[in-house]
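Reviewing the structure listed below.
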Amino acid sequence: VIDKALLDDNLLLLIGTDPETNEGIKNMLSNYIHVKETLDWDEALESMEMLAPDIIVCDMESARKGEMTRMLSSEGLKHIPVLFVSDKNEETDRLLGLIYGAVDFMSKPFNQLELLLKLTNILKIKQEQQKVILQRTMTNKVKNAMDNTQQEESIHPFLHAFADVV
């Protein structure tokens with residue numbers, strides 16, 4: 001059910017100020033995905049920019065509004081999917097996490113399999129998006145190259161030779 005090969009090639013940044021919670025999540029995930037843990041928001045932002053994680057799991061209680069907004073709206077970081085975890089399970093808390101830009105929200109305690117499935121699904125979507133973008137880019141480059149070749153062939157041989165000399 002879990003695509004270990006997909007997860008194994010990715011880096012998860014775990015952000016939380018509670019060492020016990022971080023350790024539990026890290027132990028839960030470290031057999032499946034590379035986990036970088038941070039307990040401090042300044043370190044987290046620095047790690048995000050330096051390591052370019054594939055996904056972020058953030059303990060919502062450890063985050064302050066300004067930090068979350070900065071993280072989720074930063075030009076270099078806003079492409080990284082964020083999954084919030086929280087002790088709170090109220091609708092307003094879940095909605096707040098989504099308003100901040102998280103792709104999903106899980107209440108603690110949570111099931112390990114559910115967390116792994118959510119991470120796998122998020123990373124599969126990200127991987128498929130990257131494939132589509134690459135495919136479109138390559139298709140456009142090939143099309144442009146073919147158009148350029150056809151344009152060059154339609155140019156009069158004298159002008160082609162003249163352009164080569166110049």
Is there a path of hydrophobic side-chain contacts, each under 4.5 Å between heavy atoms of I/L/V/M/F/W/Y residues, joining L117 to V57? yes
Where is the tightest heavy-atom contact between P19 and E37, given as atom of each residue plus distance? O-OE2, 4.5 Å
Is there side-chain contact between M60 and L96, with heavy atoms separated by less than 4.5 Å? yes
Who pairs with E128 by side chain to side chain donor-acceptor pair (under 3.5 Å), at least two apart in sequence or on another chain? K131
L39 and its side-chain contact (heavy atoms from CB on, under 4.5 Å) partner, picked from N22, I15, D18, L14: N22
Does some side-chain heavy atom of P53 sit less than 4.5 Å from a side-chain heavy atom of K36? no
Results of salt bridge (charged side-chain N to carboxylate O under 4.0 Å, His left out) for K118 - residues two or more places apart only: D104, E114
Residues forming a salt bridge (charged side-chain N to carboxylate O under 4.0 Å, His left out) with D93, sequence neighbours excluded: none
Membership question, hydrophobic clusters at under 4.5 Å side-chain separation (ILVMFWY): are V82 and L98 in the same one? no
Other ILVMFWY residues reachable from M138 by side-chain steps of under 4.5 Å: L134
Decide if atom CD of E20 counts as having more than 12 heavy atoms of other residues, nucleotides or ligands within a radius under 6.0 Å. no
Show me the donor-acceptor pairs, under 3.5 Å and distance only, between side chains in residues 23-33 and residues at least two apart or in other chains.
residue, atom, partner, partner atom, Å
N27, ND2, E23, O, 3.3
S30, OG, K26, O, 3.1

Spacing of CD belonging to Q129 relative to NE2 belonging to H79, to within rounding of 0.5 Å: 11.5 Å
Is the backbone of D9 close enough, under 3.5 Å, to the side chain of H34 for a donor and an acceptor to pair up by distance? no
Does I99 belong to the same Ile/Leu/Val/Met/Phe/Trp/Tyr cluster as V103, with side-chain heavy atoms less than 4.5 Å apart forming each link? no
Distance check, rounded to the nearest 0.5 Å: I125 atom CD1 versus T120 atom OG1? 11.0 Å
Check: residues 83-91 side-chain donor-acceptor pairs under 3.5 Å, at least two apart:
residue, atom, partner, partner atom, Å
S86, OG, E61, OE1, 3.4
S86, OG, E61, OE2, 2.5
S86, OG, K88, N, 2.9
N89, OD1, R94, NH1, 3.2
N89, OD1, S107, OG, 2.8

Result of checking I55, D54, I56 against L11 for side-chain contact (heavy atoms from CB on, under 4.5 Å): D54
